Amino acid sequence: FEKNSLEQLLINYSNEKLQAFFLGNVFRAEKEIHASEGVTFPTVDYANNESCVELIDKSPNGILRLLDTSCKTRAGTDKAFFEGVNAAHATHEFVRPVKVARKLPSEAFVVMHFAGAVCYEMCTGS
């Protein structure tokens, strides 16, 4: 995509939810199969993205919750929303700061998705 806006955030959020669901169910099912057959199930390390999902949807400060609040506020602006996301999640493991010397003034925040870092931007017009 030329710009990663709300639409791309929602697509990536859906992919994160699917990935979390898949990982949870596959490993749980395999563990149950092994247990039913009396076979020891080895410890399997895998990238748990549940924290990324919560970053986007968890109350009260998930990105989508902050967007909802911003839309309900009479004085809500794109800039205030982006600043709110960056302030609320400055130390979150799945958020990276937007570069100080931005490539584009529209760059808003960066989320470390399962597939890699995505810089979301403000879009103007339709």
Side-chain angles (χ1 to χ4, degrees):
F1 289 98
E2 192 173 312
K3 286 191 176 217
N4 294 308
S5 61
L6 176 63
E7 292 85 358
Q8 188 62 45
L9 175 65
L10 296 175
I11 290 167
N12 290 339
Y13 168 63
S14 296
N15 288 334
E16 293 288 350
K17 292 283 280 189
L18 287 170
Q19 182 70 22
F21 177 80
F22 174 79
L23 290 173
N25 284 310
V26 165
F27 288 112
R28 183 175 38 251
E30 284 298 314
K31 189 173 184 177
E32 290 171 3
I33 290 169
H34 279 71
S36 72
E37 295 175 355
V39 177
T40 304
F41 186 74
T43 302
V44 178
D45 292 326
Y46 61 93
N48 183 348
N49 68 333
E50 200 59 42
S51 185
C52 184
V53 170
E54 290 176 354
L55 162 71
I56 298 169
D57 70 6
K58 189 172 182 177
S59 289
N61 292 324
I63 293 171
L64 295 177
R65 305 299 181 192
L66 293 173
L67 178 60
D68 187 49
T69 300
S70 182
C71 290
K72 292 177 182 176
T73 305
R74 191 176 282 233
T77 63
D78 292 342
K79 184 180 179 194
F81 165 64
F82 299 144
E83 288 172 354
V85 168
N86 285 305
H89 302 293
T91 59
H92 195 282
E93 64 181 318
F94 284 93
V95 174
R96 297 293 179 269
V98 175
K99 296 175 183 170
V100 175
R102 295 178 174 174
K103 292 180 184 177
L104 301 169
S106 62
E107 292 178 351
F109 56 91
V110 178
V111 175
M112 297 298 296
H113 288 286
F114 188 80
V118 177
C119 180
Y120 293 99
E121 301 178 46
M122 173 178 57
C123 288
T124 54
S126 40

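All values reported here derive from a predicted model rather than from experimental measurement.
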Student: Can you find a pair of side-chain heavy atoms, one from Lys3 and one from Ser106, that are under 4.5 Å apart?
Tutor: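 Lys3 vs Ser106: side chains touch.
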Student: Could you point out which residue of Arg65, Lys17, His113 forms a side-chain contact (heavy atoms from CB on, under 4.5 Å) with Ile56?
Tutor: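 When side-chain contact (heavy atoms from CB on, under 4.5 Å) is applied between Ile56 and each of Arg65, Lys17, His113, only His113 qualifies.
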Student: Side chains of Leu67 and Leu6, heavy atoms from C-beta outward: is any pair under 4.5 Å?
Tutor: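 Counting from C-beta outward, Leu67 and Leu6 do come under 4.5 Å.
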Student: Measure the shortest side-chain to side-chain distance between Phe81 and Thr77 over non-hydrogen atoms and say whether it is less than 4.5 angstrom.
Tutor: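 Result no, sub-4.5 Å side-chain heavy-atom pair not found.
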Student: When hydrophobic residues are tied together by side-chain contacts of less than 4.5 Å, even through go-betweens, does Phe41 share a cluster with Ile33?
Tutor: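 No, Phe41 and Ile33 fall in different hydrophobic clusters.
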Student: Just checking, is any N or O donor in the side chain of Asn49 or Glu16 under 3.5 Å from an acceptor N or O on the other one?
Tutor: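 Checked: Asn49/Glu16 side chains pair up, N/O donor to acceptor below 3.5 Å.
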Student: Are any non-hydrogen side-chain atoms of Tyr120 and Val110 less than 4.5 angstrom apart?
Tutor: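 A side-chain contact is absent here, since even the closest heavy-atom pair is not under 4.5 Å.
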Student: Between His92 and Phe94 (side chain of the first, backbone of the second, donor and acceptor by atom type, cut-off under 3.5 Å), is there such a pair?
Tutor: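 Checked: pair present.
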Student: Any side-chain heavy-atom pair from His89 and Leu55 closer than 4.5 angstrom?
Tutor: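 They are in contact (side-chain heavy atoms under 4.5 Å apart), so the answer is yes.
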Student: Give, for atom CZ of Phe109 and atom CE of Met122, the distance between the pair rounded to the nearest 0.5 Å.
Tutor: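 The distance works out to 12.0 Å.
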Student: For the CZ atom on Phe21, are there more than 12 heavy atoms of other groups (residues, nucleotides or ligands in this structure) within a distance under 6.0 Å?
Tutor: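 No, because the 6.0 Å sphere around CZ of Phe21 holds 12 heavy atoms or fewer from other groups.
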Student: Quick check against the 3.5 Å criterion: does Asp68 have a side-chain atom that pairs as donor or acceptor with the backbone of Leu64?
Tutor: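 Such a contact is absent between Asp68 side chain and Leu64 backbone.
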Student: Does one side chain, of Glu93 or Ser51, offer a donor that lies under 3.5 Å from an acceptor on the other?
Tutor: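 Side-chain D/A pair, Glu93 to Ser51: present.
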Student: Looking at side-chain heavy atoms only, is the closest gap between Tyr13 and Asp57 below 4.5 Å?
Tutor: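 Tyr13 vs Asp57: side chains touch.
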Student: Would you name the heavy atoms of Ala88 and Asn61 that are closest together and state the gap between them?
Tutor: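 Ala88 and Asn61 have their closest heavy atoms at CB-CB, 4.4 Å.
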Student: Testing Lys31, Glu37, Glu32, Glu30 one by one against His34 for a side-chain contact (heavy atoms from CB on, under 4.5 Å), which residue passes?
Tutor: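 Between His34 and the candidates, side-chain contact (heavy atoms from CB on, under 4.5 Å) is satisfied uniquely by Glu30.
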Student: Would a hydrophobic clustering, with Ile, Leu, Val, Met, Phe, Trp and Tyr connected at side-chain separations under 4.5 Å, put Phe27 with Leu18?
Tutor: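 No, because Phe27 and Leu18 fall into different hydrophobic clusters, even though each may have its own neighbours under 4.5 Å.
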Student: For the residue pair Asn12 and Val118, establish whether any side-chain heavy-atom pair is separated by less than 4.5 Å.
Tutor: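 The answer is yes; the side chains approach within 4.5 Å.
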Student: Check whether any side-chain N or O of Ser70 sits under 3.5 Å from a backbone N or O of Leu66 as a donor-acceptor pair, and report yes or no.
Tutor: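 Answer holds: no.
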Student: Taking C-beta and beyond as the side chain, do Val111 and Cys52 meet within less than 4.5 Å on heavy atoms?
Tutor: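 Yes, close enough: below the 4.5 Å cut-off.
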